[in-house]
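This report refers to the structure that appears directly beneath it.
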Amino acid sequence: ASRSTPTCTAEFSGFLLYKELGRRLKATNPVVAEIFTLMSRDEARHAGFLNKAMSDFNLALDLGFLTKNRKYTFFKPKFIIYATYLSEKIGYWRYISIYRHLQRNPD
């Protein structure tokens, strides 16, 4: 379950980032805004799933804390796209690692 904590935080942070990008791009580029909105929904589902799974181990994160205490830093879009790509690659392997850990430790 301890491997799930940074993963859940990363997923929820992605949700916040993509939601904000979708909101800010809505007027100037509605197609890209819709993509980010859909990505934010996906990240929120992942965070919710992980947080619920952690509750099975009597752990939970206060994800609302991240929405109340946020500071924005400007990044050029190419960095956001590259970071998203890397995040998805890392996240994929992280989920495999969590799955294997739970297989080895079903209790």
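Keep in mind that the numbers below use all heavy atoms, side chains included, and drop hydrogens, waters and symmetry copies.
Under the 4.5 Å side-chain criterion, counting only non-hydrogen atoms from C-beta, Arg24 is in contact with Glu20. Residues Phe12 and Leu17 are not in side-chain contact: their nearest non-hydrogen atoms beyond the backbone lie 4.5 Å or more apart. Taking the side chain as every heavy atom from C-beta outward, Leu61 and Met54 approach each other to under 4.5 Å.
Between Ala33 and Leu25, the closest heavy-atom pair is CB-C, 3.7 Å. For the residue pair Phe36 and Gly22, the shortest heavy atom distance occurs at CB-N, 3.8 Å. Nearest heavy atom pair, residue Cys8 against residue Ala47, reads SG-O, 3.4 Å.
One distance of note links CG of Leu21 with OH of Tyr18; it measures 8.5 Å at 0.5 Å rounding. How far CG of Leu50 is from CD1 of Ile98: 5.5 Å, rounded to the nearest 0.5 Å.
Judged by distance alone, the side chain of Ser97 and the main-chain N or O of Trp93 form no donor-acceptor pair under 3.5 Å.
Residues satisfying the salt bridge (Lys or Arg N to Asp or Glu O under 4.0 Å) test with Arg45, not counting sequence neighbours, are Asp42. Taking the side-chain contact (heavy atoms from CB on, under 4.5 Å) definition, one finds that Ser55 meets it with Lys52, sequence neighbours left out. Residues satisfying the side chain to side chain donor-acceptor pair (under 3.5 Å) criterion with Glu43, sequence neighbours excluded, are absent altogether. For Asn105, the side chain to side chain donor-acceptor pair (under 3.5 Å) partners at least two apart in sequence or on another chain are His101. Partners of Tyr92 under the side chain to side chain donor-acceptor pair (under 3.5 Å) rule, at least two apart in sequence or in another chain, do not exist in this structure.
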Acceptor/donor pairs from residues 74-83 side chains to any protein atom, 3.5 angstrom cut, sequence neighbours excluded:
none

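Neither Phe15 nor Leu38 shares a network with the other; the hydrophobic side chains, linked directly or stepwise wherever heavy atoms of I, L, V, M, F, W or Y lie under 4.5 Å apart, form separate groups for each.
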